[in-house]
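Accompanying notes for the structure given below.
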Amino acid sequence: MLNMRIVCVGKLREQFYIDAFNEYSKRLSAYCKFECVELNETKLGSSPSDKEIAAALDKEAVDIERALGKDAYVIAMCVEGKQLKSEDFAQKINSLAVSGRGRICFVIGGSFGISQRIKQRADMRLSMSEMTFPHHLARVMLAEQIYRAFKIIKGSKYHK
């Protein structure tokens, strides 16, 4: 069974995000082993310097790398990543599964994004949109798109 993991910097606090994410987690359990790993976001002051931000991202990168493991296909969620239609995203997941890549890890950074080190480690960079979304909403949206991908692969009517 395919293992799907979302590695997130920051924790969900709002109940409506938690409920939505949990709903997709439950739905995904029929298709894959799905889990979310929440990592602590480095606390910064209200106006951090570029150097402070870079140091925080590097610190978070260590935790992210530990959560990824060595054998995972890593997809970094970042604004400069490639945008895919849902059908193409489904095809990508299916091709990874068929090729024997048993673990897929998605990385969602915190308020200041993801370190360059993680982006370079990633096998793919993916963007949901040119628009900016709260990281907590992005987590729910990603879980929904993963679920949609499995429904597309199965030929379900969920995707219209």
Side-chain angles (χ1 to χ4, degrees), residues 2-29 31-86 88-90 92-93 96 101-150:
L2 192 60
N3 291 302
M4 307 286 276
R5 176 183 283 181
I6 298 178
V7 176
C8 305
V9 176
K11 301 192 184 302
L12 288 182
R13 289 182 175 77
E14 296 89 349
Q15 193 60 48
F16 55 93
Y17 287 137
I18 293 168
D19 292 343
F21 186 80
N22 287 342
E23 177 61 27
Y24 287 111
S25 294
K26 183 176 75 174
R27 291 180 186 192
L28 280 165
S29 67
Y31 300 97
C32 64
K33 181 180 179 221
F34 181 74
E35 65 180 322
C36 181
V37 176
E38 291 183 324
L39 304 173
N40 291 324
E41 186 168 10
T42 303
K43 302 290 184 213
L44 293 172
S46 60
S47 298
S49 68
D50 289 344
K51 187 176 178 180
E52 290 171 319
I53 293 169
L57 291 177
D58 285 343
K59 184 175 184 259
E60 292 168 358
V62 172
D63 293 335
I64 292 170
E65 287 170 333
R66 196 173 299 125
L68 294 176
K70 294 185 188 333
D71 63 340
Y73 185 90
V74 178
I75 301 174
M77 304 301 297
C78 50
V79 70
E80 70 272 17
K82 183 176 183 176
Q83 292 183 25
L84 296 175
K85 294 177 182 176
S86 294
D88 296 331
F89 182 61
K92 179 67 176 177
I93 288 175
L96 288 169
R101 296 300 294 257
R103 285 189 62 213
I104 302 172
C105 288
F106 297 87
V107 179
I108 299 176
S111 302
F112 293 99
I114 303 171
S115 81
Q116 278 303 118
R117 190 163 95 209
I118 298 300
K119 291 178 186 179
Q120 290 170 350
R121 156 67 174 89
D123 298 290
M124 178 181 185
R125 295 180 190 182
L126 182 64
S127 173
M128 288 190 203
S129 171
E130 291 182 18
M131 294 180 184
T132 302
F133 299 104
H135 290 93
H136 303 327
L137 179 58
R139 186 184 315 189
V140 173
M141 291 169 57
L142 177 58
E144 190 280 335
Q145 284 298 301
I146 295 169
Y147 175 71
R148 181 179 297 273
F150 281 109

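Computed from heavy atoms alone, side chains included, the values below leave out hydrogens, waters and symmetry copies.
Relative to the six-membered ring of Y147, R27 meets both conditions, a distance below 6.0 Å and an angle of at most 45° to the axis.
The OG1 atom of T42 sits 4.0 Å away from the CD atom of E60 when rounded to the nearest 0.5 Å. Distance check, rounded to the nearest 0.5 Å: CD of Q120 to CD1 of I114 gives 12.5 Å. Separating the CZ atom in R139 from the CZ atom in F106 is a distance of 14.0 Å, to the nearest 0.5 Å. To the nearest 0.5 Å, the span separating CG on N3 from CD on E35 amounts to 7.5 Å. To the nearest 0.5 Å, the span separating CZ on R5 from CD1 on I104 amounts to 13.0 Å.
Nearest heavy-atom pair, L28 versus A143, reported as atom, atom and distance to 0.1 Å: CD1-O, 3.8 Å. Looking at every heavy atom in both residues, C32 comes nearest to M4 through SG-CG, 3.5 Å. Across all their heavy atoms, L84 and F89 have their closest contact at CD1-CA, 4.0 Å.
Summarising the local packing, CG of D71 is surrounded by more than 12 heavy atoms from other residues, nucleotides or ligands at distances under 6.0 Å. Surrounding NZ of K11 are more than 12 heavy atoms belonging to other residues, nucleotides or ligands, all under 6.0 Å away. Counted within 6.0 Å of CD on E80, heavy atoms from surrounding residues, nucleotides or ligands total more than 12; the atom is thus considered enclosed.
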